[in-house]
Amino acid sequence: MRNVFRATVAGLAAALLLPLLGPAASAAPLPTGPDGGAAGAAWHAAHDGPQQYPNINITWDVPITMSDGTVLRANLYRPADAAGIPAPVATPTILNMTPYTKLVSNLGDHVGEIPGISDVVLQLLRDFDMTGTPLSGLTDLTKALGGGELRNFGVDRDLVRSGYSQLVVDVRGTGFSQGEWDMLRDREQQDTIEVIDWASKQPWSNGRVGMTGLSYSGINQLQAAEKSPPALQAIFPVVPGSDLLADVLAPGGGFGFAFIPLWLVLINGTKWIPNVESIVTGNFDQEWLADRMASPFTYLDVFLDAYVKTRVEDLDPRVRSMLTDNSEERRAWLGDPSRITVPTFVTGGWHDLFTYSESKVYNAIAAPPGQKQLLMGNTYHINSGNEYSRPGLPPRLDVLQRAWFDRWLKDIDNGIDRYGPVTLRQQGGGWITQDGFGDSAPPEQAAEHRRMYLSGAPSGTAQSRYDGSLFPAEDGSTQRLTVAPGLTGICSNDAAQATAGVLAVINGCAADSRIQETNGLTFTSPPVTAPTTISGPVAVRLNTVQDAVDGNWVVTINDVAPDGRSTVLSSGQLMASLRKIDESRSSRSANGDYTDPRPLASLEDRLPTVPGEPTILDITLTGTEAVLQPGHRLRVDVYAGNFPKGLPILPMLVDTGLLPQHVQLDPTRPSFVNVPLKGEPGWG
């Protein structure tokens with residue numbers, strides 16, 4: 001019998017806690033702290049204990065016809081009796097729109113359902129622990145896989161058995177669906193709205209729809225929620241993005257060279273996997289094949305064009321459109337979370353591909369705290385939810401998701417709307433809950449942005465191209481410091497982030513920047529004398545001099561431990577010619593300095609630099625939450641390039657000449673970091 005041991009243990013907990021979760025239980029326990037306290041224990045019991053239905057029924061490759069005639073294919077999972085016959089009941093529907101083919105979801109689902117084996121494997125993944133060894137990054141991955149991430153990606157059978165239907169749909173042009181892949185643009189967004197409407201009107205649906213999924217499937221949740229389809233009543237996006245250009249496509253104007261081609265190959269490769277059953281039964285979809293032949297490698301040709309043309313005017317119009325403000329693509333890929341009103345639980349990570357968006361999405365959503373929630377781990381894209389289910393740690397992602405949908409799709413007062421609403425893993429610290437983050441933090445929890453100036457005074461703490469200091473006051477430094485392009489970025493946290501965390505599996509370059517810093521400029525503060533929190537968005541102003549008509553600048557802020565280890569907390573990059581700021585989307589702190597200087601990053605607004613003349617650059621870094629412990633220091637690193645995470649398109653790369661770049665320290669045009677601090681660091 002399946003899950004006997006788990007059901008026995010969880011059943012005892014459920015007997016004690018589940019009565020608190022009924023629809024009439026208005027006195028659900030108040031969640032306390034990151035683990036949710038008694039409420040968190042009840043959420044675990046509800047998910048892991050005996051469910052309402054003993055089995056599930058799967059209907060394969062359900063056709064869903066879009067308004068333009070394109071047929072999408074879906075797998076439908078419904079609660080069923082012991083014989084596998086669907087329960088004669090209308091249930092809420094959980095929708096996952098995926099480009100990674102529902103075949104992968106199905107395989108993952110079945111691997112997790114092998115009697116007598118799957119539970120053992122899941123527990124091994126959860127118990128695997130090599131913390132403190134070079135493979136500690138592997139521990140983060142295995143714990144994430146065992147912590148509900150796979151169920152968020154594909155199918156959660158316990159969720160279905162508890163009285164939900166789950167629909168996994170191949171987006172157009174991927175998997176078994178017809179059409180040409182539209183990569184989150186307008187036609188695909190319309191498809192999502194039509195699928196929601198279709199699902200809400202099926203006999204097995206009670207008309208209430210929620211959405212689930214990771215990454216791409218999180219992005220389309222936000223896009224759908226912005227359009228307010230009537231049936232959509234809750235979403236649970238894990239590692240989603242909202243400003244796709246600034247997140248990953250071309251942050252600061254540097255194309256996502258490490259991530260984008262691998263991602264395009266993955267989707268374009270899997271979309272060619274045919275429906276073998278249809279071939280065997282003689283029902284092969286010829287339109288599917290014709291659509292694949294018409295666009296065999298969607299968007300790969302666009303990416304390649306960006307690196308074979310040396311002049312902007314010769315670029316493929318689709319490349320130019322991506323790098324043109326207010327183009328059709330840019331409008332489709334720039335979300336407006338302020339239009340979201342449905343309950344939304346956003347899960348992200350400080351080194352995720354979409355970190356720039358995640359906290360901003362939470363702040364912008366037009367719903368009260370509780371109906372919107374944010375959980376940020378110290379994680380990359382592939383290891384979300386790697387800490388869970390112990391005192392002081394959050395519940396598993398699948399547990400939180402079940403509680404979220406129970407509250408907003410079944411009206412069960414289980415206390416999840418009183419969790420958080422902001423639950424954060426502090427880099428350098430532990431898990432905390434707050435009432436907001438960054439701009440949404442209440443005054444008593446808000447940080448104060450302060451300038452820390454780049455100084456030429458040696459700090460004696462780094463082996464870099466130049467070892468400078470970071471001071472709370474300008475010290476009159478007038479040096480010109482030179483940094484040149486190089487390849488040490490291959491050994492960096494940015495490289496790990498750009499590979500979705502794959503390069504962080506082995507604990508090395510991602511956790512310690514000292515190799516990368518050998519080809520950078522470093523500016524390091526005195527040690528803090530008391531715990532000092534960095535909380536919110538960060539911006540750096542650099543007074544630069546180029547030897548060419550363009551420059552490629554990268555900045556990180558780091559936590560430097562007493563033993564010298566330099567850990568990246570946040571990073572940003574900017575092409576000097578794309579420095580024009582979009583004031584309508586930017587923000588400033590009370591001192592008037594930028595906290596989020598949003599570049600237009602538009603070819604039409606390029607401002608070539610004048611070789612030899614100073615140029616001011618304002619660079620946005622992703623928001624973060626971190627604690628500098630006593631004896632630790634804050635460091636700003638400056639580099640002339642970010643390969644392999646970001647590489648300018650060839651015309652801009654040619655314009656840099658790969659020549660050295662300079663930071664000009666000048667008290668009349670100071671260079672500084674505008675950093676949000678809580679506490680008294682003791683810097684004077």
Side-chain angles (χ1 to χ4, degrees), residues 252-254 452-471 474-492 494-495 513-525 539-558 560 566 568 571-579 607-619 621 634-648 652-673:
M452 290 290 287
Y453 293 88
L454 277 58
S455 165
S459 75
T461 63
Q463 300 295 319
S464 57
R465 275 186 170 260
Y466 190 88
D467 168 33
S469 292
L470 201 59
F471 293 139
E474 236 295 326
D475 71 344
S477 296
T478 57
Q479 292 100 315
R480 178 172 290 190
L481 308 178
T482 300
V483 61
L487 296 177
T488 56
I490 295 172
C491 182
S492 69
D494 270 351
S513 295
R514 282 179 285 185
I515 292 178
Q516 186 187 22
E517 287 172 350
T518 60
N519 193 42
L521 308 176
T522 58
F523 303 90
T524 312
S525 76
V540 170
R541 167 163 285 196
L542 293 181
N543 185 20
T544 70
V545 176
Q546 332 292 318
D547 288 344
V549 295
D550 209 344
N552 185 11
W553 292 92
V554 177
V555 179
T556 69
I557 60 167
N558 298 29
V560 182
S566 180
V568 170
S571 68
Q573 60 187 30
L574 181 67
M575 295 301 299
S577 67
L578 299 180
R579 64 188 178 276
L607 299 170
T609 58
V610 179
E613 292 190 7
T615 302
I616 295 293
L617 303 180
D618 289 295
I619 304 176
L621 283 68
L634 179 65
R635 174 175 291 168
V636 171
D637 288 345
V638 180
Y639 304 101
N642 203 20
F643 182 83
K645 176 184 176 180
L647 187 69
M652 289 196 288
L653 190 63
V654 168
D655 282 348
T656 71
L658 294 178
L659 296 176
Q661 303 170 187
H662 317 280
V663 174
Q664 180 64 57
L665 298 180
D666 180 349
T668 66
R669 297 161 62 93
S671 297
F672 58 86
V673 57

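All residue numbers in this chain count up from 1 along the given sequence. What you see is a predicted model; the values in this text were computed from it and never measured.
- Counting only distance, with no hydrogens or angles, the side chain of Ser492 and the backbone of Ala495 share a donor-acceptor pair below 3.5 Å.
- No hydrogens or angles considered: a donor-acceptor pair under 3.5 Å links the side chains of Asp467 and Ser459.
- Gln664 contributes a side-chain N or O that, together with a main-chain N or O of Thr478, makes up a donor-acceptor pair within less than 3.5 Å.
- Side-chain atoms of Tyr466 come within 3.5 Å of backbone N or O of Gly456 as a donor-acceptor pair.
- Counting only heavy atoms from C-beta outward, the side chains of Leu454 and Leu470 approach each other to under 4.5 Å.
- Pairing each heavy atom of Pro644 with each of Gly489, the nearest pair is CD-O, 3.7 Å.
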Could you walk me through whether Thr615 and Gln546 pass side chain to side chain donor-acceptor pair (under 3.5 Å), step by step?
CA-CA 8 Å; Thr615 302; Gln546 332 292 318; 4.7 Å; no

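- A pairwise comparison of heavy atoms in Ser566 and Val560 identifies OG-CG2, 4.1 Å as the closest pair.
- Two residues are said to be in side-chain contact when any heavy atoms from C-beta on lie closer than 4.5 Å; Asp655 and Ser577 fail this criterion.
- Closest approach of Ser477 and Ala457 over heavy atoms only: OG-N, 4.2 Å.
- Here the OG-CD distance, from Ser464 to Gln516, works out to 11.5 Å after rounding to the nearest 0.5 Å.
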Would Asn552 and Phe643 count as a side-chain contact (heavy atoms from CB on, under 4.5 Å) here? Give the steps.
CA-CA 10 Å; Asn552 185 11; Phe643 182 83; over 6 Å; no

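- Residues Ser455 and Phe523 share a closest heavy-atom pair of O-CD2, 3.4 Å.
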Trace of the side chain to side chain donor-acceptor pair (under 3.5 Å) decision for Ser571 with Gln573:
CA-CA 7 Å; Ser571 68; Gln573 60 187 30; over 6 Å; no

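- To the nearest 0.5 angstrom, Met452 atom CE is 5.0 Å from Ser525 atom OG.
- Contact between Asn543 and Pro614 at its shortest, heavy atoms only, is OD1-CB, 3.5 Å.
- Looking at heavy atoms from C-beta onward, Pro608 lies out of side-chain contact with Asp550 at the 4.5 angstrom threshold.
- With respect to Arg465, the side chain to side chain contact (heavy atoms under 4.5 Å, CB included) criterion is satisfied by exactly one of Thr518, Leu521, Thr522, Leu481: Leu521.
- Side-chain polar atoms of Asn642 and Asp494 form a donor-acceptor pair below 3.5 angstrom.
- With values rounded to the nearest 0.5 angstrom, Met652 atom CE is found 9.5 Å from Leu647 atom CG.
- Although no hydrogens or angles enter the test, the distance criterion places no donor-acceptor pair under 3.5 Å between the side chain of Thr609 and the main chain of Pro611.
- Between Met575 and Pro648 the shortest heavy-atom distance is SD-CG, 3.4 Å.
- With rounding to the nearest 0.5 angstrom, the CG atom of Asp666 is 8.5 Å from the OG atom of Ser671.
- When side chains are defined from C-beta on, Gln661 does not count as touching Val638, because their heavy atoms never get closer than 4.5 Å.
- Inter-residue side-chain proximity for Ser469 and Phe471 is flagged as met; some heavy-atom pair is nearer than 4.5 Å.
- Tyr639 OH to Ser513 OG: the interatomic distance, rounded to the nearest 0.5 Å, is 5.0 Å.
- For the residue pair Arg635 and Thr461, a side-chain donor N or O sits within less than 3.5 Å of a side-chain acceptor on the partner.
- Val554 is not listed as a side-chain neighbour of Lys645, based on a closest heavy-atom distance of 4.5 Å or more.
- In summary, of the residues considered (Thr544, Ile619, Asp618, Leu607), a side chain to side chain contact (heavy atoms under 4.5 Å, CB included) with Arg579 occurs for Leu607 alone.
- At most 12 heavy atoms of other shown residues, nucleotides or ligands fall within 6.0 angstrom of atom CD1 in Ile515.
- Counting heavy atoms from C-beta outward, Leu658 and Leu653 have side chains that approach closer than 4.5 Å.
- Between Asp637 and Asn558, the closest side-chain pair of non-hydrogen atoms falls below 4.5 Å.
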